[in-house]
2 protein chains.
Amino acid sequence: MPYDPSAFPPFAVTVDLVVLTVRRHALCALAVRRGEPPFQGCWALPGGFVRADEDLAQAAARELAEETGMRAHDPAVPVQDNGAHLEQLATYGDPKRDPRMRVVSVAHLALAPDLPAPRAGGDASNARWAPVEELLQQGGYGRDGEPVAPLAFDHAQILADGVERARSKIEYSSLATAFCPTEFTVGELRRVYEAVWGVALDPRNFHRKVTGTPGFLVPTGGTTTRQGGRPAQLFRAGGATLLNPPMLRPEV
Amino acid sequence: MPYDPSAFPPFAVTVDLVVLTVRRHALCALAVRRGEPPFQGCWALPGGFVRADEDLAQAAARELAEETGMRAHDPAVPVQDNGAHLEQLATYGDPKRDPRMRVVSVAHLALAPDLPAPRAGGDASNARWAPVEELLQQGGYGRDGEPVAPLAFDHAQILADGVERARSKIEYSSLATAFCPTEFTVGELRRVYEAVWGVALDPRNFHRKVTGTPGFLVPTGGTTTRQGGRPAQLFRAGGATLLNPPMLRPEV
DNA sequence: AGTGCTTATCGTCAGGCAGACGACTATGAT
DNA sequence: ATCATAGTCGTCTGCCTGACGATAAGCACT
């Protein structure tokens with residue numbers, strides 16, 4: 001079939017972001033309130049159109065910066081500064097996913113430490129960190145008894161896929177450190193795993209595992225007592241990317 | 001920002017396919033010869049435009065059927081018939097990846113048994129199964145001493161990503177059975193792992209591992225001797241999707 | 001029929017790792 | 001001083017894996 005510009009239909013291409021963080025022992029995602037129809041007033045994932053001269057990763061990094069002020073760092077470089085981890089998640093292109101027109105959305109997954117306060121175009125009331133469990137329970141009732149509106153478009157599916165990706169990826173990679181500040185303790189890292197997986201882990205076995213995996217953690221020499229109790233050693237993320245053998249999510 | 005149809009640039013959206021199979025102890029991918037510029041005469045991955053009313057998965061399944069005659073089966077259903085496994089791989093959207101226009105390609109990964117003969121629009125000379133190793137060695141020389149032209153566009157990157165996905169996915173899932181016919185022996189399954197990973201595995205430990213994993217293999221009662229040697233039991237793929245604990249790729 | 005080759009299948013053994021859990025340490029709060 | 005809280009180090013046991021010996025059951029020869 002020869003090249004014919006009229007042979008293909010035009011699409012709009014967007015990037016949507018699943019930005020995850022751990023706050024107060026819960027896995028949370030960034031949600032923004034929609035200001036215009038469709039789904040006006042609903043919560044949605046942050047995102048926007050890909051520009052004409054932009055790569056997909058660039059567009060995702062730009063949106064991340066616009067929504068959170070975070071800078072995404074190069075995926076090839078280990079987590080060191082406060083830049084968030086950013087990776088492509090999956091692409092969603094159901095013909096009816098956007099009632100206005102044919103939109104293909106390339107979803108990206110970002111993992112960030114707890115520090116930044118959300119800001120959507122400077123308006124904090126239109127962006128929030130919400131526990132993913134709360135965002136995903138569609139049509140139910142939240143902790144305050146108020147009915148919970150489901151996320152706009154197919155964003156619940158995208159969020160669920162992103163959460164599942166994060167849950168499985170911290171098993172066999174050192175990505176859990178992306179949820180931590182530059183310096184952190186073994187206990188803080190353990191609480192990240194516990195929040196993401198929603199389980200309790202044995203502190204002693206966890207400590208043995210992570211400190212025994214070469215390249216996972218690098219001691220900085222300092223200690224901290226910000227969690228109370230005995231002072232804990234501080235670590236930075238080491239150069240290792242893949243954990244072998246992996247961390248094992250407890251059964252059942 | 002209110003909705004404005006002129007606010008986003010139009011894209012063409014395609015699906016490209018990494019179709020993998022195991023032939024003669026080698027991991028092979030389906031390549032088609034391009035009949036028109038750019039990259040006329042070069043080998044490329046099969047693919048095509050997504051139609052206006054089509055989901056991405058539908059488009060990928062349609063292209064797969066057009067190129068190979070295979071039917072993709074529902075990903076939620078375990079591999080049983082001769083339908084190939086099909087899953088989304090990643091999306092490639094560099095502004096310059098296609099010199100003609102802005103094209104975003106949603107790559108899919110298909111795993112198929114060895115049976116089908118390639119056909120590209122009925123013309124067999126324009127499609128072939130090539131060892132991935134041969135397709136990926138850009139600018140080198142093939143086994144016949146002829147110079148090897150690299151794949152068109154960014155298809156070498158897409159193929160490499162697909163191969164890596166397949167290599168890692170057979171570790172922790174039962175997907176290797178997608179490379180096998182409906183009924184197969186433990187030895188045939190082992191040769192799949194050996195071809196995909198490019199390593200030699202101990203037949204005794206492999207046998208113990210796969211037959212000891214609940215739900216991985218279901219004996220059909222029959223035996224075969226098509227590999228020579230002692231007759232081997234025949235199995236079908238069981239219902240298990242995730243292997244726990246996983247198959248381990250040998251180190252080094 | 002016997003020999004040799006090939007592949008399949010079962011068994012054994014030692015090392016490593018994970019889960020369960022005891023014990024001790026070092027802080028802050030009362 | 002005592003307690004509560006976290007962190008860290010050990011021990012033990014069971015499971016899984018890698019290495020590898022041994023046997024089984026076909027086919028192709030002679």
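Chain naming here is simple, since letters A, B, ... match the order of the sequence lines and numbering starts at 1 in each. Note that this is a predicted model, so its numbers are computed, not measured.
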Any side-chain N or O of A/Arg230 less than 4.0 Å from the OP1 or OP2 oxygen of C/dC24? no
When you measure only distances, ignoring hydrogens and angles, does the side chain of A/Arg204 come within 3.5 Å of the base of D/dG10 through a donor and an acceptor? no
May I ask you to check whether B/Asp16 and B/Tyr92 show a side-chain donor-acceptor distance below 3.5 Å? no
B/Gln157 side chain to B/His155 side chain, donor-acceptor N/O pair below 3.5 angstrom: no
Kindly indicate, with the supporting measurements, whether the criterion salt bridge (charged side-chain N to carboxylate O under 4.0 Å, His left out) is fulfilled by B/Lys169 and B/Glu164. CA-CA 8 Å; B/Lys169 203 145 184 183; B/Glu164 182 47 39; over 6 Å; no
Earlier contact from the 5' end, DNA chain C, for A/Pro246 and B/Thr211: B/Thr211
Candidates C/dA18, D/dT8, D/dC20 - which lies nearest the side chain of A/Gln233: D/dT8
Out of C/dA8, D/dG18, C/dT9, minimum distance to the side chain of B/Arg208 belongs to D/dG18
Of D/dT8, C/dC21, D/dA19, the nucleotide closest to the side chain of A/Asp202 is C/dC21
Could you tell me the separation between the CZ atom of B/Phe206 and the P atom of C/dC10, rounded to a whole number of Å? 15 Å
Between A/His207 and D/dT8, is there a side-chain N or O to OP1/OP2 distance below 4.0 Å? yes
Looking at B/Trp129, is B/Arg24 sitting on its ring face, NZ or CZ under 6.0 Å from the six-membered ring centre and within 45 degrees of the normal? no
Is the count of non-hydrogen atoms from other residues, nucleotides or ligands lying under 6.0 Å from A/Glu133 atom CD greater than 12? no
Which nucleotide wins on minimum distance to the side chain of A/Leu248, given the candidates C/dG19, C/dC17, D/dT8? C/dG19
To the nearest Å, how far apart are B/Glu171 CD and D/dT17 C1'? 14 Å
If you check the B/Lys209 side chain, which of C/dT9, C/dA18, D/dT17 turns out closest? D/dT17
In whole angstroms, how far is the C1' atom of C/dT9 from the CG atom of B/Leu217? 14 Å
To the nearest angstrom, how far is B/Leu189 atom CG from C/dT7 atom C1'? 15 Å
Roughly, in whole Å, what's the span from CZ in A/Phe184 to P in D/dG7? 13 Å
Against the side chain of B/Thr225, the closest entry in C/dT27, D/dG26, D/dA19 is D/dG26
Considering every strand and a 4.0 Å limit on heavy-atom distances, what is the contact class for B/Arg226: base, sugar-phosphate, or nothing? nothing
5′-ward residue of the pair A/Asn205/A/Gln227 relative to DNA chain D: A/Gln227
A/Asn244 CG - C/dC17 P separation (whole Å): 10 Å
In whole angstroms, the gap separating C1' of D/dA19 from CG of B/Leu201 amounts to 14 Å
